[in-house]
Amino acid sequence: MSGYSVVDLETTGLSFLKGDRILEIGLVHVDPDGTIGHTWQTLVNPERTVAATEIHGITDDAVADAPVFADVADFFAQQLDSTVFVAHNARFDAQFTAYQFTACGNLSTPQLPYLDTLQLARHYLQLPSYSLKSVTDHLGLTNQHAHSALDDAYVTAQVLQYFMRETTAPASLEWQSALAQARNFHGLTFDANAAEPRTVTRS
């Protein structure tokens with residue numbers, strides 16, 4: 001394994017099966033020792049009307065010239081390969097990613113294995129809420145642009161780093177199971193020579 005891929009997505013809504021699609025991808029690589037490494041981000045043209053702008057701040061105009069998911073799928077899959085997929089409320093991000101990969105022919109299994117920092121927070125922290133904001137506030141971490149995919153992914157990487165270095169979480173059954181599932185996972189298919197695609201960001 002070559003570490004962890006911490007992912008955050010902004011989407012048009014909550015259900016791929018009802019027509020919602022990815023609007024923005026943020027990815028942060030974390031080495032096995034917890035060192036935060038390279039990052040990658042892009043807006044994604046969902047090929048439909050943008051919704052939930054009041055939450056994520058993304059408009060139709062912002063994604064008009066962005067790549068569609070198929071344009072970035074090979075490179076995104078390449079970044080995830082041989083890593084553990086991590087997110088806060090990871091079931092949502094992993095499932096959405098799996099749906100879009102499947103639609104592009106990049107996934108041969110129903111789902112992606114993952115490690116969930118929300119579930120880790122439930123086990124190792126005593127908080128009234130386990131939202132990303134509640135967890136980061138508790139840990140003294142700053143996220144100046146909430147609901148921006150890269151910023152959310154980066155602060156989630158810092159949360160993962162905390163669990164790696166300050167708790168016994170890496171020895172837990174949940175963590176070790178995620179490592180084993182990722183190690184045995186061979187469902188992603190992609191062009192190994194895919195160059196980094198054109199991206200469009202909020203800036």
Side-chain angles (χ1 to χ4, degrees), residues 2-30 37-53 55-116 145 147-154 156-157 181-182 185-203:
S2 55
Y4 305 82
S5 290
V6 184
V7 174
D8 186 80
L9 305 176
E10 298 303 324
T11 65
T12 62
L14 301 178
S15 174
F16 182 90
L17 297 178
K18 293 181 179 180
D20 290 311
R21 296 294 183 267
I22 292 172
L23 285 172
E24 187 177 34
I25 304 167
L27 183 149
V28 178
H29 186 265
V30 178
H38 71 266
T39 67
W40 178 70
Q41 65 174 320
T42 189
L43 290 168
V44 178
N45 186 326
E47 301 181 276
R48 51 149 287 170
T49 302
V50 169
T53 297
I55 296 174
H56 47 61
I58 301 170
T59 64
D60 288 301
D61 286 346
V63 297
D65 191 44
V68 299
F69 188 84
D71 293 336
V72 302
D74 276 345
F75 185 79
F76 186 22
Q78 185 185 93
Q79 297 302 298
L80 296 178
D81 189 46
S82 300
T83 67
V84 180
F85 187 106
V86 180
H88 198 77
N89 190 22
R91 183 176 180 274
F92 174 82
D93 298 88
Q95 189 173 65
F96 236 101
T97 301
Y99 279 136
Q100 296 238 206
F101 274 148
T102 299
C104 292
N106 291 92
L107 189 67
S108 60
T109 62
Q111 58 188 7
L112 293 166
Y114 59 79
L115 179 64
D116 189 353
H145 302 100
H147 298 294
S148 171
L150 184 59
D151 288 82
D152 283 355
Y154 196 88
T156 302
Q181 289 180 51
F185 179 71
H186 304 290
L188 285 172
T189 59
F190 55 91
D191 179 359
N193 297 314
E196 185 167 352
R198 180 183 68 87
T199 59
V200 172
T201 66
R202 298 190 194 211
S203 59

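Because the structure is a prediction, the values reported are computed rather than measured.
Checked by atom type and distance alone, the side chain of Glu47 never pairs as donor or acceptor with a backbone atom of Val68 at under 3.5 Å. Formation of a donor-acceptor pair under 3.5 Å by the Thr12 side chain with backbone atoms of Ala51 is not found in this model. Glu10 places no side-chain N or O within 3.5 Å of a backbone atom of Glu24 that could act as its donor or acceptor partner.
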Which donor-acceptor pairs under 3.5 Å do side chains of residues 101-111 form with protein atoms, sequence neighbours excluded?
unit_1: Thr102; atom_1: OG1; unit_2: Ala98; atom_2: O; d: 2.8
unit_1: Asn106; atom_1: ND2; unit_2: Asp74; atom_2: OD1; d: 2.9
unit_1: Asn106; atom_1: ND2; unit_2: Thr189; atom_2: O; d: 2.8
unit_1: Ser108; atom_1: OG; unit_2: Gly187; atom_2: O; d: 3.1
unit_1: Thr109; atom_1: OG1; unit_2: Gln111; atom_2: O; d: 3.2

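Rounding to the nearest 0.5 angstrom, the gap separating the OG1 atom in Thr199 from the CD atom in Gln41 is 7.5 Å. Here the straight-line distance linking atom CG of Asn45 with atom CZ of Phe69 works out to 13.0 Å at 0.5 Å rounding. Rounded to the nearest 0.5 Å, atoms CG (Leu27) and CD (Gln79) are 6.5 Å apart. In this structure, CG in Leu188 is found 6.0 Å from CG in Leu112, a value given to the nearest 0.5 Å. Taking CG from Leu9 and CG from Asp152, the interatomic distance works out to 10.5 Å, rounded to the nearest 0.5 Å. Remark: Phe85 CZ to Asp116 CG distance equals 10.0 Å, nearest 0.5 Å.
Under the 4.5 Å side-chain criterion, counting only non-hydrogen atoms from C-beta, Ile25 is in contact with Trp40. Using a 4.5 Å heavy-atom threshold, the side chains of Tyr154 and Asp8 count as separate. Between Arg48 and Asp20, the closest side-chain pair of non-hydrogen atoms falls below 4.5 Å. Counting heavy atoms from C-beta on, the side chains of Thr201 and Thr42 never come closer than 4.5 Å. Within the 4.5 Å cutoff, the side chain of Leu80 has no heavy atoms near those of the Gln78 side chain. When side chains are defined from C-beta on, Val86 does not count as touching Val7, because their heavy atoms never get closer than 4.5 Å. Counting only heavy atoms from C-beta outward, the side chains of Asp71 and Pro197 never approach each other to under 4.5 Å. Counting heavy atoms from C-beta outward, Val50 and His56 have side chains that approach closer than 4.5 Å.
A cation-pi arrangement is found for Arg21 relative to Phe16, the charged atom lying closer than 6.0 Å to the ring centre and inside a 45° cone about the ring normal.
A 6.0 Å sphere centred on CZ of Arg91 holds no more than 12 heavy atoms belonging to other residues, nucleotides or ligands.
Between Arg202 and Asp151 there is no salt bridge, since no side-chain nitrogen of the basic residue lies less than 4.0 Å from a carboxylate oxygen of the acidic one.
Scanning both residues, Phe75 and Ala195, for their nearest heavy atoms gives CD1-O, 3.8 Å. Listed here is the closest heavy atom pair of Gly26 and Ala153: O-CB, 3.7 Å. In plain terms, the two heavy atoms of Ala62 and Leu43 that are nearest each other are O-CD1, 3.6 Å. Closest non-hydrogen pair, Val200 versus Ala66, comes out as CG2-CA, 3.7 Å. Between Ala90 and Ala87, the shortest heavy-atom contact is CB-O, 3.5 Å.
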Please step through side chain to side chain contact (heavy atoms under 4.5 Å, CB included) for the pair Ile58 and Thr53, ending with a clear verdict. CA-CA 5 Å; Ile58 301 170; Thr53 297; 5.7 Å; no

Are Thr11 and Leu23 close enough, and set up right, to give a side chain to side chain contact (heavy atoms under 4.5 Å, CB included), and what steps lead you there? CA-CA 5 Å; Thr11 65; Leu23 285 172; 5.7 Å; no

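Residues satisfying the side chain to side chain contact (heavy atoms under 4.5 Å, CB included) test with Leu14, not counting sequence neighbours, are Phe92.
The aromatic ring centres of His38 and His29 sit less than 6.0 Å apart.
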